[in-house]
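Here is the structure we will look at.
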Amino acid sequence: MPIFDGVQYWLAESLPHDRRVLNSNYLNLNGGEAADSIDHATHIITNTNQFEGWRKVEDGNIDAVVVTVRLIRVRWTFR
């Protein structure tokens with residue numbers, strides 16, 4: 001089973017374009033799928049705590065895990 005199987009991710013627009021492309025490719029190759037909007041994401045990947053839509057998460061209107069790009073590189077790439 002791919003490590004990101006079942007993950008519907010949303011990459012924050014605060015990430016540089018090249019990082020969004022790189023992380024999207026990595027996530028897709030390992031079973032992840034881009035969510036069609038932040039509202040449908042199971043995981044939000046960001047480089048800041050004030051990404052677009054952060055208030056929706058803080059208020060409980062979006063039920064998603066918020067992770068940093070570093071966590072993807074360090075934690076998941078070495079499995």
Side-chain angles (χ1 to χ4, degrees):
M1 174 185 304
I3 191 165
F4 296 114
D5 189 47
V7 170
Q8 296 282 316
Y9 65 86
W10 179 259
L11 295 170
E13 292 176 16
S14 57
L15 293 167
H17 176 73
D18 62 326
R19 289 292 178 191
R20 288 196 315 266
V21 170
L22 180 70
N23 284 294
S24 179
N25 289 337
Y26 177 77
L27 290 160
N28 291 342
L29 286 171
N30 289 283
E33 187 177 330
D36 59 355
S37 74
I38 194 170
D39 297 312
H40 298 119
T42 60
H43 293 72
I44 299 167
I45 301 156
T46 184
N47 59 347
T48 179
N49 62 350
Q50 291 188 342
F51 54 91
E52 60 288 344
W54 69 273
R55 288 194 190 271
K56 289 182 179 181
V57 175
E58 187 176 81
D59 294 342
N61 295 323
I62 295 176
D63 185 25
V65 176
V66 178
V67 297
T68 65
V69 173
R70 179 170 163 68
L71 180 63
I72 293 171
R73 287 193 316 250
V74 172
R75 181 84 171 146
W76 290 330
T77 58
F78 296 110
R79 289 186 176 208

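Following chains of ILVMFWY side-chain contacts shorter than 4.5 Å, one can reach I45 starting from V65, so the two form part of one hydrophobic cluster. Hydrophobic clustering (ILVMFWY, side-chain heavy atoms < 4.5 Å, transitive): L22 and Y26 are in distinct clusters.
A distance of 10.0 Å separates CD in E33 from CG in D5, rounded to the nearest 0.5 Å. Here the straight-line distance linking atom CG of L15 with atom OG1 of T68 works out to 10.0 Å at 0.5 Å rounding. Between the CG atom in N23 and the CG atom in N28 there is a gap of 10.5 Å [rounded to 0.5 Å]. With rounding to the nearest 0.5 Å, the separation of CD1 in I62 from CD1 in I44 is 5.0 Å.
Checking side-chain atoms of T42 against main-chain N and O of Q8 turns up a donor-acceptor pair under 3.5 Å.
Screening residues 38-58 for salt bridge (charged side-chain N to carboxylate O under 4.0 Å, His left out), with sequence neighbours left out, gives D39-K56.
Listed by chain and number, the residues in a side-chain contact (heavy atoms from CB on, under 4.5 Å) with T48 are S14, T46, Q50, F51 (sequence neighbours excluded).
Among all heavy-atom pairs drawn from A41 and W10, the shortest one is CB-CB, 3.7 Å. Between Y9 and A34, the closest heavy-atom pair is CE2-N, 3.4 Å. Residues E13 and R20 approach most closely at O-NH1, 3.4 Å, considering heavy atoms.
Residue-environment remark: CG (D18) exceeds the threshold of 12 foreign heavy atoms within 6.0 Å.
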